[in-house]
Number of protein chains: 2
Amino acid sequence: MEQGSQRKKRVTITDVARHAGVSTAAVSKVMRNAYGVSAAMQEKVRAAMAELDYRPHAAARGMRGRTYTIGILLDNIRNTFFADILDGVRDELRDSEYTVLIGAAGFDAEAQDKTIRSMVDRQMDGLVLIAPGIQRSEVLATAQSTPTVVIGHHDASDLHDSVVDADGSGASLVVDHLVSLGHRNIALVSSPGTRASKWARTPEIVLSNGYAEAMGRHQLAEHTRICRTSYSDEGGYKAGMSLLTAGDRPTAIMTGADVAALGVWRAAHELGLRVPQDVSLVGYNNTAIADLATVQLTSVDQAGHDMGATAARLLIERVEGRREHAVQTTMTPRLVVRGSTSVPPAV
Amino acid sequence: MEQGSQRKKRVTITDVARHAGVSTAAVSKVMRNAYGVSAAMQEKVRAAMAELDYRPHAAARGMRGRTYTIGILLDNIRNTFFADILDGVRDELRDSEYTVLIGAAGFDAEAQDKTIRSMVDRQMDGLVLIAPGIQRSEVLATAQSTPTVVIGHHDASDLHDSVVDADGSGASLVVDHLVSLGHRNIALVSSPGTRASKWARTPEIVLSNGYAEAMGRHQLAEHTRICRTSYSDEGGYKAGMSLLTAGDRPTAIMTGADVAALGVWRAAHELGLRVPQDVSLVGYNNTAIADLATVQLTSVDQAGHDMGATAARLLIERVEGRREHAVQTTMTPRLVVRGSTSVPPAV
DNA sequence: TTCGGCTTAGAGAACGTTATACAAACTCTC
DNA sequence: GAGAGTTTGTATAACGTTCTCTAAGCCGAA
């Protein structure tokens, strides 16, 4: 039976049809719950499918229509905020027939472009792009041919749906908290906008504006200082080094991502500075690490799980053609105060 | 031009052929660097492809042969050890034409099965399975039809390649270290073997055996205690609670994953126990969190990046038919001592 | 009856590639 | 300059689906 030739043939729709004594068209109809199948036909075909353990070949389906695949693009798998989003997507699609596949492209715009194109070439039914670092025009072009949800960027478009967090209010929450503790010299570590990517309202821009606006509201405009770096441990470390060795050292640093805050913390540690005694530190995203016993990082909760679930729901609506017009959903952030923030050091 | 119909047509091989004034077969040959194309033909076709911005349709390719897609199966995206492995895979495949897609299936065996099947149905060229929790027979069946590399499980097979860490030695390193500090009551937190999955030598089994063997070597067999839980923050927390509230409380706990160690730490913290003064704690994998300023977790480095790169290399060799026989690669672990281990508390 | 309408099943043409088989056009060599 | 070989390009049949047609069968009304 098992001959040397390693591949045993797949069971195809033709096999099912033959086994059930019907046409392939009939089998296809049953699979798709299409109109025009008798109860008897239903049963015959389903029995044959079960008996042969038939699974439709997604690649072949892709030639004609859908592949029942959703692609998720993210830059850095280490940012556990994305894991929260991902859990949301997975939970939403758990009982559907869609498969979720993740492309972790890194921060490089070209690699992200390549990954998105790969997903489109694989005929994925829909894409969730988490704060893509590529040209806006690229995203719009993709969205024109494939249903797309953008998470993070506030720029709305009628070509794709958006799920965002009210990052401006998030920044306000943090600044207000720090000011109430007595801080005045508050710096922000944010992500570098991809140069000339034509996104007018990336999360980092909205966050920065919110920060600047809040600082102004507290008459602290002169202390406004933004350090740009990638949201990673290494990026945070560099930003921390730069800020904490500067002449006019901030007494508090807020960051746009927990993962970057931890990098700042590492830098502070190396410089012999204690958190929060010497410098207060605030993260963003309220990931699981923030709550670790030894970390206890004050952070802003963004409801990543809800964002992911919402994105998935919106995407499927579009994929299945149940909605025509684009939608933007905004989540409200919430400050979670922990041990990494306290009153500024007495000078 | 742009009519209301949203989808603009893809550029296909036929378009390229027409544009270059040749047959589709010729274009296909050029793409695949197949035998029998003149230099002139090469140039003509490449020019046409560039001019039209042609990209082959992966789904269509899948109908005939390869899709140039590698699938990676992992359980939990939050375990950053997997991120190390993934980086290795990515780096190895960076300049190839392969795309890496990740399926994060969770711990549930059925979900993992479903994800693997999805990957096969999508005609992926090869799979990397990171410590799969499913039946061994399922993996073997998959490997029979699709080139597969298994990371983690020590059970070798001539159907798939393997990349493993010498987990037994890793356990030894930890036990030896703890004993040299004066510990005797050392517990292990490991992962539950998937019941009846027929893997004889999962990482957790090899680790457990190494631990038991090392304990025996130090005449500490009576203190051998293994607590099984999933490698996640929550799993670690539960295990920690159970071990640290038990009558005969261990003075040191080693875990099979950093992420679980952090959960144990959280439990210790809640119980008012300090690390390392009251209990020493050792992780596994030496992920980035272990090195955080405020964490400083003693851990075992597994060279995740190398494991990933090796897995990718082995896989491509198989996909491209350059190797017939299966291979097992073993990495050597290395202990990284940090602040979470010290002498046991004086009783 | 005959006809129109409705339901159900199947034939067959895509979809975008790959790869085999072959024809045509060149090189040699004697 | 004839035959034998070698290159080079193309025609075409898959691959496993989906989906539009059309045909067949049945029902009921006129």
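Naming convention: chains lettered A, B, ... in sequence-line order (proteins, then strands); numbering from 1 in each chain.
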| task | In sequence, state the C-alpha distance, the side-chain angles, and the governing distance for T12(B) and D15(B), and then conclude on side-chain contact (heavy atoms from CB on, under 4.5 Å). | result | CA-CA 5 Å; T12(B) 73; D15(B) 300 324; 3.6 Å; yes
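- Bounding nucleotides for the chain A contact on DNA chain C, 5' to 3', at a heavy-atom distance below 4.0 Å, are dT7(C) to dG16(C).
- Identified under the salt bridge (charged side-chain N to carboxylate O under 4.0 Å, His left out) test for residues 116-132 of chain A, with sequence neighbours left out: D121(A)-R10(B), D121(A)-R55(B).
- The list of ring-ring contact (aromatic ring centres under 6.0 Å, His included) pairs with a residue in residues 21-59 of chain A, not counting sequence neighbours, is empty.
- Every pair tested for salt bridge (charged side-chain N to carboxylate O under 4.0 Å, His left out) that includes a residue from residues 29-43 of chain B fails, sequence neighbours excluded, so the list is empty.
- A salt bridge links R313(A) with E317(A): the closest approach of a Lys/Arg side-chain nitrogen to an acidic carboxylate oxygen falls below 4.0 angstrom.
- Taking D306(A) as the reference, nothing meets the salt bridge (charged side-chain N to carboxylate O under 4.0 Å, His left out) condition, with sequence neighbours excluded.
- Judged as a salt bridge (charged side-chain N to carboxylate O under 4.0 Å, His left out), the pairs with a partner in residues 138-162 of chain A (not counting sequence neighbours) are, in order, D161(A)-R318(A), D161(A)-R323(A).
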Going 5' to 3' through nucleotides 7-12 of chain D and flagging B where a protein heavy-atom sits under 4.0 Å of the base, S where only the sugar-phosphate is that close, and - otherwise, we get SBBBB-
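- At a threshold of 4.5 Å between non-hydrogen side-chain atoms, the residues I85(A) and I130(A) count as touching.
- Applying a 4.0 Å cut-off to non-hydrogen atoms, the residues of residues 51-65 of chain B that approach DNA chain D are M63(B), R64(B), listed by residue number.
- Contacts of S162(B) classified as side chain to side chain donor-acceptor pair (under 3.5 Å), with partners at least two apart in sequence or in another chain: none.
- At the heavy-atom level, S28(B) lies under 4.0 Å from base atoms of the strands shown.
- Within a heavy-atom distance below 4.0 Å of DNA chain D, no residue of residues 114-125 of chain A is found.
- By the 4.5 Å heavy-atom criterion applied to side chains, F107(A) and N76(A) are counted as neighbours.
- Take T142(A) and apply the side chain to side chain donor-acceptor pair (under 3.5 Å) test, not counting sequence neighbours, and it matches no residue.
- The salt bridge (charged side-chain N to carboxylate O under 4.0 Å, His left out) pairs that include a residue from residues 86-103 of chain A are D87(A)-R90(A), D87(A)-R78(B), D91(A)-R94(A), where partners are two or more places apart or lie in different chains.
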